[in-house]
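Below is one structure, written out as structure tokens, with a few remarks after it.
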Amino acid sequence: MDAKRRNGGPPRGGASQAKRGKTGGDWEDSPSIFEEELALFEEADMETEEREGQAGHDVIPVGELFSADLNPRWRRPQAAPLNPDSDTLVFQQIDLDYYLGAAVAGMPGQSQGNVPIIRMFGVTDSGNSVCCHVHGFAPYFYIPAPNGFTSDHLSEFKRELNSAVLKDMRSNKDNMSVTVLAVDITRKESMYGYHGKRIADFLRITMAMPRLIAPAKRLLEQGFKFGPFPIQSFSSYEANIDFEIRFMVDSDVVGCCWIELPKGKYRVREERKVGETDVHYPGKVSLCQYEVDVGWTQLISHPAEGEYQRIAPLRVLSFDIECAGRKGIFPEAEKDPVIQIASMVQRQGEKEPFIRTVFTLQSCSSIVGSQVLCFTKESQLLQSWAEFVRTVDADIITGYNIQNFDLPYLLNRAATLKVSLFPYLGRVQGIKSVLRDSSFQSKQMGRRENKILNMEGRVQFDLLQVLLRDYKLRSYTLNAVSFHFLQEQKEDVQHSIITDLQNGNEQTRRRLAVYCLKDAYLPLRLLQKLMCVINYMEMARVTGVPLTYLLSRGQQIKVVSQLLRQAMKQGLVMPVVKPEAGEDYTGATVIEPEKGYYSVPIATLDFSSLYPSIMMAHNLCYTTLLQKGSAEKLGLTPEDFIKTPTGDLFVKSSVRKGLLPDILEDLLSARKKAKAELKKETDPFKKQVLDGRQLALKISANSVYGFTGAQVGKLPCLEISQSVTGFGRQMIEQTKQLVESKYTIANGYQADAKVIYGDTDSVMVKLGVDTVSRAMEVGREAAEWVSSHFTPPIKLEFEKVYYPYLLINKKRYAGLYFSSSSDTHDKMDCKGIETVRRDNCTLVANLINTCLQTILIDRDPQGAVAHAKEVISDLLCNRIDISQLVITKELTRTAQEYAAKQADGERHRERRNIGGCTLEERFSRLWTQCQRCQGSLHEDVLCTSRDCPIFYMRKKVQKDLDDQEKLVSRFGW
DNA sequence: AGGCACACCTAT
DNA sequence: TAAGATAGGTGTGCCT
């Protein structure tokens, strides 16, 4: 059963269904468009056949045996011999982690016991995979040296701390004797607050393993005594940095960058036979073609510039599974078999997948353009697919909801069938892929329960997760998403008949296989269309975090990574603050709207990148903040610092340039550069990369402010964030004053200009001009003039003209948007109105949308009212498809809660109890019909149950009609 | 009826 | 252990 998308949706969009109207039994229809597409791949393949070997499209009954040699394409290109004495090894690193292992002879670092080893995975230009073990890097943190501390005290401090840490350990299963590797005195300065560039002695404490940092920090905080010093509590610095980030910052490695291992500086690992082990010179442990050891200071990391902007020919594997569920029951891996797995493999940068294959249980007719492998035993199917994954050696694994459905299902199914060789999906031999539960919580995304599966060296890039993070959509089913972005839909197979198709014949199973293949193909198409891989890589490069962090972590880590890099250059260290929620601070101003319908052009002026430019203009940073009394203590004159609108003090850049302004300048100038290159570039692929880059740079710049205001965060600084919003409030107010004072009749203009609305960084101005082009002219001039009143890089820009403009309320308006041309509008822009809100059913959204069009384009408000009345009448007379009345989002979530509850068998706690309505009742109300009126839409049996969707929607539409009428009378049409 | 707390989702 | 920010409209439930 196609379980993961079975989120209980109502029959979707009556139209497409009525058109197709296929039910079980009607299977032997003509080939679908997708099948023709697949067949076209076959023709394209003929050309490359000779070079890459046979694609092998035939149906292959595999039976008891399986051999990867069935298809020579599966393997990566042969790797040329690598001689470390004469060859440099260059690869793009795509995943980076660390493990604890025995030291390798000849490599730097501790030689005793288990040591942390960084592991980088990547791909060379020729498409060969690389696993690189990086040795000698150990985790560390800082504390301020106590008064009177000299190098004579180092060994005693180290000894005492070491024994304290050892004593603190509950169990010492690794039998460690040395936990503290080193303690050094270094000259550093805290990045928090300006204190006259007073560089002080810090102790840099190097630990043997990353997990020893936290206890060492805790012990030092709690109060630590050593030598002649009294017991004291030490604050710590940079003790909360992930080990991977620590390494990347220190070695100047960023996510997805190119790594060069110079000749003579690394060692190649060879394949070892069983029994030939040598603990000091280990053999290959990974499935990668090249496996090497290198000292952490020997590798060269190339900044993503020039030729190193390129992307290696990564292998992207997309897959989808089908299981044969029982009627009406969510498939359970313990009971329901996996019957098909379709896989498509594409090289990043190429247009089409070069491997298209489907593994089926039982026979299946051939499909032109793809390889069908049939199995008689499910366990064989599973094991062979795992071997397929290992053979293809994918760098990126994608699909739709693979993280929370397909992969967990396969793993659990394999465990049920005792397919012992299945759960080794990573690139490191002998590391079992294990399922874990995790819950990720943020204000932005709420609580999200996720399954986590380790697959060392392969990046799991679940398209659903990407879409949930980056796009606000009404529905996240693969079908809806494909339609939205590709105007294409899934193959038409009702999930309820999947089991029947499986139990039919090789023709019905073929139909299922085509469906399954398409579900593996669509994610690839979407990745390509949305440029996800490229955009994520650019984000990793810009912010310096590993690719995987972008999907598994929040926003903060990206800023931390950049902050640490900038701080290191200046000898600054980042304090560890313990997160505690405090009082909210004041945010932006929303100018009281002059509500109404404007049949004159309204010019809109915006501050571009308002918050970043405020931080740059006023040098707001941790390092420039003057804490209470500091100004006097440091003998600063009033010329040395500024007072922000919130009364906070910051030194000027003449005294010290802040880190945050530096980061922002780098980001924004890099963005300018990327945009300039984008303009010049002709190669579409390079263009995509550059566009992804400029987008990443913009997003990164905008997230710096949020980081300083994140009270439960790594380094909140409300003085910065409240000063930023304070400046913003002042600026929007001043902008309003300036515009209204200059553009007056008294100053020789046609009319007195009026700012009718504004939010945070924008003002909407009625300039009193008649035409769009005139509004553009005056708007441009006004923006430039206002800009001259502010400190660079703060800049007010003319952005667009609305004509006409309907201002309903704060954060709710609509208008025809003119920016590229003054003759024709680019679009109808709707903000905050039902049409853009996902908590409304499509009937209401469509109704309002049509009304707005009638009002704004046809300029016929009476027509809008008439339309609303017509819809009401349709509703009362049963002429509206019930699916139009359902809120997809609500439905999806309720269905998911329901499914989750069924899966757990646990008592479900209502998050929001609506009128004592239980989850089951809610589910059934959304899923089917109101229990009382049975969904009747006729007025005679008007249902007044609060839980009746019809009643609810009728009320809603009625209200919207009222609103329309109110609008008409309010604005005097 | 009106006020309040809360949920949800958007604008910026 | 990790988690960007605040402002604000609209609707529901519940109390007085």
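Labels below follow one simple rule: chain letters A, B, ... track the order of the sequence lines, proteins then strands, and each chain is numbered from 1. Keep in mind that the numbers below use all heavy atoms, side chains included, and drop hydrogens, waters and symmetry copies.
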Per A/Gln556 side chain, nearest of listed nucleotides C/dT6, C/dG4, C/dG9
C/dG4
Only counting residues at least two apart or in another chain, list the ones meeting salt bridge (charged side-chain N to carboxylate O under 4.0 Å, His left out) with A/Glu538.
A/Arg541, A/Arg693
Would the number of heavy atoms belonging to other residues, nucleotides or ligands and lying under 6.0 Å from NZ of A/Lys451 be above 12?
no
Can a salt bridge be assigned to the pair A/Lys578 and A/Glu580 using a cut-off of 4.0 Å between side-chain N and carboxylate O?
no
Would you say A/Tyr757 reaches B/dA11's phosphate, i.e. side-chain N/O to OP1/OP2 under 4.0 Å?
no
Is the phosphate of C/dA3, meaning OP1 or OP2, less than 4.0 Å from a side-chain N or O of A/Arg553?
yes
Test: salt bridge (charged side-chain N to carboxylate O under 4.0 Å, His left out). Region: residues 724-737 of chain A. Which pairs qualify, not counting sequence neighbours?
A/Lys736-A/Glu740
Where the side chain of A/Lys811 is concerned, which of C/dT6, C/dA7, B/dC8 is the nearest nucleotide?
C/dA7
From the list C/dT6, B/dT10, C/dG9, which nucleotide is the closest neighbour of the side chain of A/Asn809?
C/dG9
With nearest nucleotides of DNA chain C determined for A/Tyr585 and A/Lys714 from heavy-atom distances, which residue corresponds to the more 5′ nucleotide?
A/Lys714
Report which part of the nucleic acid A/Phe607 touches: base, sugar-phosphate, or nothing (heavy-atom distance under 4.0 Å, all strands).
nothing
Which part of the nucleic acid, if any, lies within contact of A/Val712, taking any heavy atom under 4.0 Å across all strands shown: a base, the sugar-phosphate backbone alone, or nothing?
base
Which nucleotide in the set C/dG9, C/dG4, C/dA2 lies at the smallest distance from any side-chain heavy atom of A/Lys810?
C/dG9
Assert: residue with more 5' nearest nucleotide on DNA chain C, out of A/Gly587 and A/Ser552, is A/Ser552
